[in-house]
2 protein chains.
Amino acid sequence: MRILIIEDEHKIARALKKALEQENYAVDVSFDGDDGYAMATTEPYDLAIIDRMLPGEYDGIGIIKAMRKAKIHTPVIMLTAKGTIADRTTGLDAGADDYLVKPFALEELLARIRALLRRPIEVQQVILTAGDLSLNTVTFEVKRADKPITLTSKEFALLEFLLRNQGRPSNKDTIISHVWDYNADVLPNTVEVYMKYLRQKIDDPFDGPHLLQTARGFGYKIESN
Amino acid sequence: MRILIIEDEHKIARALKKALEQENYAVDVSFDGDDGYAMATTEPYDLAIIDRMLPGEYDGIGIIKAMRKAKIHTPVIMLTAKGTIADRTTGLDAGADDYLVKPFALEELLARIRALLRRPIEVQQVILTAGDLSLNTVTFEVKRADKPITLTSKEFALLEFLLRNQGRPSNKDTIISHVWDYNADVLPNTVEVYMKYLRQKIDDPFDGPHLLQTARGFGYKIESN
DNA sequence: TACCTAGCTTAGGAATCGCTTAAGTAGTTG
DNA sequence: CAACTACTTAAGCGATTCCTAAGCTAGGTA
């Protein structure tokens with residue numbers, strides 16, 4: 001899951017990035033409105049956290065409006081120092097899906113992120129499964145046929161993405177843009193290499209059907225049956 | 001837009017109902033958890049506003065959990081008197097999409113309702129069919145008479161185009177400009193070749209009528225009957 | 001019937017795709 | 001500072017896919 005932060009207070013931005021990365025999200029940060037606008041409209045994010053007051057031509061509201069106009073429906077959490085009702089409602093009406101008044105508890109932001117990410121793709125479960133394979137997004141445990149499997153964090157992120165898109169093939173570019181963050185531009189080949197790693201861990205040692213499948217020309221998918 | 005309110009404080013419930021009806025929503029009210037649960041799971045609502053503390057076997061959290069378990073994804077706004085973070089997050093994690101702490105401003109509730117109702121589940125044609133042929137644009141699966149068919153990506157793109165223009169013939173130039181990208185200039189003959197490939201996969205092996213038809217001088221079409 | 005043209009068919013070379021191995025880099029740990 | 005781990009790239013291979021060329025068939029017309 002890939003998240004964009006647009007926040008001009010570097011301290012807050014960096015703290016957020018760190019916290020979210022610990023939750024295994026791929027995080028990009030932008031420190032001003034113009035740059036943030038460009039990123040929000042060109043890169044595919046699963047969620048954006050945007051400060052209301054920003055330097056540059058675009059403030060938070062402007063970015064959201066521009067995004068919605070461009071038919072980008074990425075859920076947005078707006079951060080705001082102002083607490084008056086009028087301010088809140090203009091944020092929501094502009095197209096934000098939620099807002100938080102600063103200062104806020106990190107706990108709460110994380111819960112709201114989970115709430116928003118839960119919506120578009122089915123009900124977001126803590127434990128994702130496919131056949132006898134299971135992945136726990138909270139404890140980061142992965143098992144197949146009740147045997148624990150050790151994955152690196154990239155492998156884990158990749159497997160989580162595939163499980164969340166179960167049954168539908170994702171091509172390499174899509175996978176890269178959701179599993180890796182902005183400054184990391186990796187070659188499609190990297191995905192292929194990771195697929196091999198994953199297969200060596202979740203498929204090859206087991207008797208059952210191979211869960212990780214290649215749909216030539218369309219991408220990779222995990223099939224439950 | 002139809003909204004369900006589950007709230008045991010009659011005064012608040014009635015005030016809400018009145019306010020929402022003025023906004024032109026159709027509103028149902030339930031005053032206790034058990035009754036509310038029954039309504040939430042049997043009637044189709046576009047949104048539910050549920051109090052956290054309720055008399056009866058089901059409290060607010062219980063209702064939401066039961067709804068989600070029953071695969072009802074109606075957006076839910078939770079009302080709560082408790083303002084501690086722990087309480088808030090359990091609500092969101094249980095499957096609520098938003099919450100409001102009482103007392104709240106009506107303005108704000110209305111803005112949040114608008115925010116939640118705004119994101120319509122995109123109803124775009126995912127599965128295209130013609131006769132007993134079906135093509136799933138998300139999973140890239142193609143079937144005829146329930147038998148799976150494997151297509152290459154070009155074949156798939158071509159078939160998808162024909163299905164989207166069902167019944168009306170498309171000539172080779174039109175097909176080329178829609179199925180191939182702009183810089184690729186291919187000969188009309190290439191289309192003919194691909195038509196053969198498609199026929200070999202979707203028509204020849206099957207008993208039924210040939211779906212892929214040539215309209216000499218006008219192009220190719222897929223006919224459903 | 002002869003002719004013309006649109007579409008059909010086949011085969012093969014070119015390009016691309018995915019798999020695999022090996023090796024390099026950066027960061028961490030003992 | 002050596003050893004290890006996680007991540008990424010490079011390069012070669014085999015298989016599939018894409019596209020073209022060339023000859024063929026069939027429908028329409030004079």
Side chain A:Asn171, main chain A:Gly219, donor-acceptor under 3.5 Å: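 Not confirmed, A:Asn171 side chain does not pair with A:Gly219 backbone.
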Expected output: side-chain B:Asp203 to main-chain B:Leu211 donor-acceptor under 3.5 Å: yes
Quick check: closest heavy atoms across [X] and [Y], and the distance to 0.1 Å?
| X | Y | value |
| --- | --- | --- |
| B:Thr152 | B:Glu155 | N-OE1, 2.9 Å |
| B:Gly167 | B:Lys221 | O-CD, 3.6 Å |
| B:Ile50 | B:Ile63 | CD1-CG2, 3.9 Å |

To the nearest Å, how far apart are [X] [atom1] and [N] [atom2]?
| X | N | atom1 | atom2 | value |
| --- | --- | --- | --- | --- |
| A:Phe156 | D:dA6 | CZ | C1' | 16 Å |
| B:Leu198 | C:dT9 | CG | P | 13 Å |
| B:Ile176 | D:dC19 | CD1 | C1' | 11 Å |
| B:Lys154 | D:dT20 | NZ | C1' | 15 Å |
| B:Ile175 | C:dG7 | CD1 | P | 10 Å |
| B:His210 | C:dC8 | NE2 | P | 13 Å |
| B:Leu151 | D:dT17 | CG | P | 10 Å |
| B:Leu158 | D:dT17 | CG | C1' | 14 Å |

Side chain of A:Leu187 (C-beta onward), nearest among D:dT9, D:dC19, D:dA6: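 Closest of the options to the side chain of A:Leu187: D:dT9.
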With A:Asp32 via salt bridge (charged side-chain N to carboxylate O under 4.0 Å, His left out) - residues at least two apart: none
Between [X] and [N], is there a contact of a side-chain N or O with OP1 or OP2 at under 4.0 Å?
| X | N | value |
| --- | --- | --- |
| B:Thr152 | D:dT16 | no |
| A:Thr190 | D:dA10 | no |
| B:Trp180 | D:dC18 | no |
| B:Ser153 | D:dC18 | yes |

Axial bend angle, the helix from C:dT1-D:dA30 to C:dG30-D:dC1: five-pair end segments, nearest 10°: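 What I find for the helix from C:dT1-D:dA30 to C:dG30-D:dC1 is an axis angle of 10°.
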Parallel, tilted or perpendicular: ring planes of A:His10 versus A:Phe31, cut at 30 and 60 degrees: parallel
Plane angle bin for A:Phe140 and A:Phe156 - parallel if under 30°, tilted between 30 and 60°, otherwise perpendicular: perpendicular
Nucleic acid footprint by protein, nucleotides 18-30 of chain C - heavy-atom cut-off 4.0 Å, B for base, S for sugar-phosphate alone: BBBB---------
Minimum side-chain heavy-atom gap B:Ile149-B:Ile202 below 4.5 Å: yes
